[in-house]
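Following: one structure in C-alpha cells, then a few remarks.
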Amino acid sequence: MSAVSHHAMSDGRRIAFRHLAGHGPTLVFLPGYMSDMAGSKATALAAWAEQRGQACLLLDYSGCGASTGEFAHGTLTKWRDEVVALVKARVAGSVLLIGSSMGGWLMLLAAEALGGQIAGMVGIAAAPDFTDWGFTPEQKAKLRAGEVVLKDNPYGFDPTPTHPVFWQDGERHALLNRTVAVDAPVHLLHGQRDPDVPWELSLHLAGRLRSDAVKVTLVKDGDHRLSRDEDIALLLRTVEAMHPAGEP
C-alpha cells in the first residue's frame, strides 16, 4: 500500500489517506467510530486489492489516526464531507464503498452525495441513526445539556466518549425514517451476536434503501466487529461478487 498522504480541506483540516492505483471500481473503506485505516478489515481489504490490481482508498477522519484535528470536534457532517472531497479529488471513475459500524452510516450519507459515482456498497454491522436508538433518555438529556457521555468500551481500557456536538449533528442525519436515495447494489453483513448494533437493524435498513438490488447476510455466531479470519474472508468474497471482473 502507498505511503500516507494528506488532503487539505478548505478550513485547513488535513485528512490522512492511502491511495492504491489500479482498475476500478475503487474500493473505499470507511472505518467505525474512533477507528482508523490501520484496523484489521481496512488493511486486509487493501492487501487483497493490491494482489488483484484493484484501486483502493483508505482514510482517517479528522481527529482520528494520522489526520489533524480534535476528535471532540468530529461530526458526521464533517466526516461525510471529508470522504466526498477525497473521493472527488482522487477517484476519476466509480467507487465501491465499504462501511463498518458508524462507517456504514457515513457510507449511506456519502453515497447520497456522490450519486452516480457509486458502483455499490457493502455494510458491516452498519449503524445508521445510532445517536437515537443507541442512547437512553437519560444519556440523551445529558448530551442535549452539553455534557459528554461515557460508555464502557469492550474493545479497550478507556471508556468511549460521545460528545454533544457529534450527537446533535447525528440527530440531523437520521435515515431510517425515510427512503435512502441509493440505487446501486448493496450487501449488508451483520453478526447475530452483535452486542452493539442489533442485527435486525440491517433488515430495517434494507427496506429503506431505494435500490432493489439489496442483500443481507447474517452471520449466526458473528460479533460486532466481524474481524475473524472467516469474517474477513466473507467480506472479500462479498466485494468480489459485486464486481468480479472490475472495470477498465
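Quick caveat: nothing in here was measured; it's all calculated off a predicted structure.
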Side chain to side chain, [X] and [Y], heavy atoms closer than 4.5 Å:
{"X": "Leu20", "Y": "Leu27", "result": "no"}
{"X": "Glu112", "Y": "Val180", "result": "yes"}
{"X": "Leu59", "Y": "Leu30", "result": "yes"}
{"X": "Lys41", "Y": "Ile98", "result": "no"}
{"X": "Pro25", "Y": "Gln54", "result": "yes"}
{"X": "Asn153", "Y": "Asp158", "result": "no"}

If you compare all heavy atoms of [X] against all heavy atoms of [Y], which two are closest, and at what distance to 0.1 Å?
{"X": "Thr77", "Y": "Asp169", "value": "OG1-OD1, 2.7 Å"}
{"X": "Thr68", "Y": "Arg14", "value": "OG1-N, 2.9 Å"}
{"X": "Asp194", "Y": "Ala125", "value": "OD2-CB, 3.6 Å"}
{"X": "His190", "Y": "Ser202", "value": "ND1-OG, 2.8 Å"}
{"X": "Ser211", "Y": "Ala184", "value": "OG-O, 2.9 Å"}
{"X": "Pro161", "Y": "Val148", "value": "CB-CG1, 4.0 Å"}

Salt bridge or not for [X] and [Y], using N-O below 4.0 Å?
{"X": "Arg225", "Y": "Asp223", "result": "no"}
{"X": "Glu50", "Y": "Arg18", "result": "no"}
{"X": "Lys78", "Y": "Asp81", "result": "no"}

[atom1]-[atom2] distance between [X] and [Y], expressed to the nearest 0.5 angstrom:
{"X": "Leu76", "Y": "Thr131", "atom1": "CG", "atom2": "OG1", "result": "7.0 Å"}
{"X": "Trp199", "Y": "Lys220", "atom1": "CH2", "atom2": "NZ", "result": "11.0 Å"}
{"X": "Cys56", "Y": "His19", "atom1": "SG", "atom2": "NE2", "result": "8.5 Å"}
{"X": "Asp183", "Y": "Ile118", "atom1": "CG", "atom2": "CD1", "result": "11.5 Å"}
{"X": "Leu205", "Y": "Glu200", "atom1": "CG", "atom2": "CD", "result": "13.5 Å"}
{"X": "Met37", "Y": "Leu57", "atom1": "CE", "atom2": "CG", "result": "9.5 Å"}

Go through His173 and Arg80 one step at a time and tell me if the side chain to side chain contact (heavy atoms under 4.5 Å, CB included) criterion holds. CA-CA 11 Å; His173 286 294; Arg80 176 204 59 196; 3.5 Å; yes
Common cluster, Trp167/Leu150, ILVMFWY with side-chain heavy-atom separation under 4.5 Å: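 Different hydrophobic clusters.
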Going hydrophobic residue to hydrophobic residue with side-chain gaps under 4.5 angstrom, can you get from Leu109 over to Val165?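 Unlinked, Leu109 and Val165 end up in two clusters.
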Should Leu226 and Leu235 be marked as a side chain to side chain contact (heavy atoms under 4.5 Å, CB included) after you check the CA-CA gap, both sets of side-chain angles, and the distance that decides it? CA-CA 9 Å; Leu226 288 182; Leu235 170 62; over 6 Å; no
Can you check side chain to side chain contact (heavy atoms under 4.5 Å, CB included) on Leu189 and His187, steps first, answer last? CA-CA 7 Å; Leu189 310 177; His187 198 146; 3.8 Å; yes
Check this for me: [X], atom [atom1], are more than 12 non-hydrogen atoms of other residues, nucleotides or ligands nearer than 6.0 Å?
{"X": "Asp221", "atom1": "CG", "answer": "yes"}
{"X": "Asp229", "atom1": "CG", "answer": "no"}
{"X": "Lys140", "atom1": "NZ", "answer": "yes"}

So, does [X] use its side chain to make a donor-acceptor pair with the main chain of [Y] at under 3.5 Å?
{"X": "Glu82", "Y": "Arg13", "value": "no"}
{"X": "Thr238", "Y": "Leu234", "value": "yes"}
{"X": "Gln192", "Y": "Gly222", "value": "no"}
{"X": "Tyr61", "Y": "Tyr33", "value": "no"}

Look at the rings of His163 and Phe71 and say which category their plane angle falls in: under 30° parallel, 30 to 60° tilted, over 60° perpendicular.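 Plane angle over 60°, so perpendicular.
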Pair Ser101-His224, side-chain donor/acceptor within less than 3.5 Å: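 The criterion, which ignores hydrogens and geometry beyond distance, is satisfied for His224 and Ser101.
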Under 6.0 Å from the six-membered ring centre of Phe135 and within 45° of its axis: does the NZ or CZ of Lys151 meet both?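 Because its charged atom sits under 6.0 Å from the ring centre and within 45° of the axis, Lys151 does stack over Phe135.
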Name all residues meeting the ring pair (Phe, Tyr, Trp, His ring centres under 6.0 Å) criterion together with Phe17; count only those two or more places apart in sequence or in a different chain, and write none if there are none.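 Result, ring pair (Phe, Tyr, Trp, His ring centres under 6.0 Å) vs Phe17: none returned.
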